[in-house]
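Shown next, in structure tokens, is the structure this report addresses.
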2 protein chains.
Amino acid sequence: MDGSEKPPRGSAAHRVEAALLEEIAAGGIAAGERLDETRLAERFGVSRTPIREALSRLAAQGVLESGEGRGMRVAQYSREELAQMFEAMHEIEALCARLASQRLTLLARSQIEVAQAECKAAAEAGDLPRYLRANEEFHLSIYRAIENPYIFEIAADFRRRTGPFRAKKFADAGDLVASAESHDDLLEKIFSANSNIAAEGMRQHMAASFLRVLAAN
Amino acid sequence: MDGSEKPPRGSAAHRVEAALLEEIAAGGIAAGERLDETRLAERFGVSRTPIREALSRLAAQGVLESGEGRGMRVAQYSREELAQMFEAMHEIEALCARLASQRLTLLARSQIEVAQAECKAAAEAGDLPRYLRANEEFHLSIYRAIENPYIFEIAADFRRRTGPFRAKKFADAGDLVASAESHDDLLEKIFSANSNIAAEGMRQHMAASFLRVLAAN
DNA sequence: TCCCGGAGATTTGTATACAGAAAATGCCCT
DNA sequence: AGGGCATTTTCTGTATACAAATCTCCGGGA
């Protein structure tokens, strides 16, 4: 929830939390999969106590949930739930585009352009992991341009939660190239100095993306 | 983080979490104040373990933070940070009003009206704790009308975090009455079936509120 | 007077044990 | 074969103990 500040409480618990979060975001632990405290304790070489703390924190952040039966599971979303999350994300992304367009500094613009250049390079190389990282950085750089950490955090949180589902829409290298090209269209609108055009451009960009995600999930 | 679903993990830990959250939101524990595990354990009649779990979860939600020195403290915000949070909340609230206006069912409208009636009754009784609860419920009922749990959660989260600061704007019973009356104006706009008027109405309502909050903090 | 170091007190993080609840398994009867 | 009940196993939540880290206070020296 915090950006960058002081080390959070507990080093083993924190290490476990961060590792699990990264693994879940990359799709390494599937939605619905159960996390076993005892096995995780063995895996990380600690007692159950810091494991429970890490799991509990991830649950408080909505990454895990107590589902049917025992144990924590990676939060699962039905298609309907996924669609609702995308709808919320859709609104937040449009808001971000509008605000970014209103507040854009030359420095922020330059950073967005650097991020887009990396997207293009990764797409041309047909390198999916690299593209996924670059794509996230591209969108995060737009959120940063708003210069409000709370808005940044909301948008970044959606990215974190939907990451595993969104990754599935890229079937081949052509998809990467098309995605990177759609960024160009989007940036034209964000840089147009018309915040309504920016918001509408982001709506279209995200709608196209979500339709592909729903098809792939 | 969740609205209403299954009982969250842990009954003592959960009870403590909920009680602390309510107390913090009502301003009963001040921003920056340190929470002592041992004393809380005595107070709630449990061991440190569930206390630690509750505190850890509240930290994951941004309500508490590990600050300078030992222990968890209620999260503190500078005026600048508070203003940024309000700016973000302002945008989210306007978005909520717009969507609620677009999606309002008769049932949802009725529930909002019940909540507003309770606000008025509490204001007329000059009962601050009752008013604070009623005011929260009023706003939550608007978010519920959107029927998207993710948007609900974002807006509710801001309410949770800003609760202690917002509570300080009510200096006397007249403030309660004025606040309840401003809800009438707001509802007229939300019920107007014009989502732009609804959004603008909420912007004004929240801006007035934030200016009073900044003055009081 | 001020600063530093050491000792004691306090707090934090974790490991382990225990009790209770939930789930799984096995057995018996229809 | 299927269902119900009893028993066993597994998991969850919590209490307690311990070690390490941090904080506070006091005394001594410059």
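Below, chains carry the letters A, B, ... as their sequence lines are ordered, and counting in each starts from 1.
In terms of position along DNA chain C, the nucleotide closest to B:Arg34 lies nearer the 5' end than the nucleotide closest to the other residue of the pair B:Arg34 and A:Pro50.
Here the nucleotide nearest the side chain of B:Asp36, chosen from C:dT11, D:dT12, D:dA15, is C:dT11. Distance from the side chain of A:Glu37 is smallest to D:dT12 among D:dT12, D:dC11, D:dT14.
Partner of A:Arg109 under the side-chain contact (heavy atoms from CB on, under 4.5 Å) criterion, chosen from A:Leu104, A:Val114, A:Ile190: A:Leu104.
Counting non-hydrogen atoms under 4.0 angstrom, A:Arg39 reaches nothing in the nucleic acid.
Whole-Å rounding puts the A:Arg15 CZ to C:dT14 C1' distance at 12 Å. Distance A:His14 NE2 to C:dT12 P: 18 Å, rounded to the nearest Å. Between the CD atom of A:Glu53 and the C1' atom of D:dT14 there is a distance of 15 Å, rounded to whole Å. One can place CD of A:Glu42 at 11 Å from P of D:dC11, the figure rounded to the nearest angstrom. Rounded to whole Å, atom P of C:dT14 lies 15 Å from atom CG of A:Leu40. Distance, A:Met72 CE to D:dT12 P: 9 Å, rounded to whole Å.
A:Tyr150 and B:Arg161 are not linked by any side-chain donor-acceptor pair at a separation below 3.5 angstrom, with hydrogens and angles left out of the test. Residues A:Gln84 and B:Asn148 bring no donor and acceptor atom of their side chains to less than 3.5 Å of each other.
On a pure distance criterion of 3.5 Å, a polar donor-acceptor pair joins the side chain of B:Arg70 and the base of D:dT22.
Under the 30°/60° scheme for interplanar angles, the aromatic rings of B:Phe210 and B:His90 are found to stand perpendicular.
The side chain of A:Arg48 places no N or O atom within less than 4.0 Å of a non-bridging phosphate oxygen (OP1 or OP2) of C:dT16.
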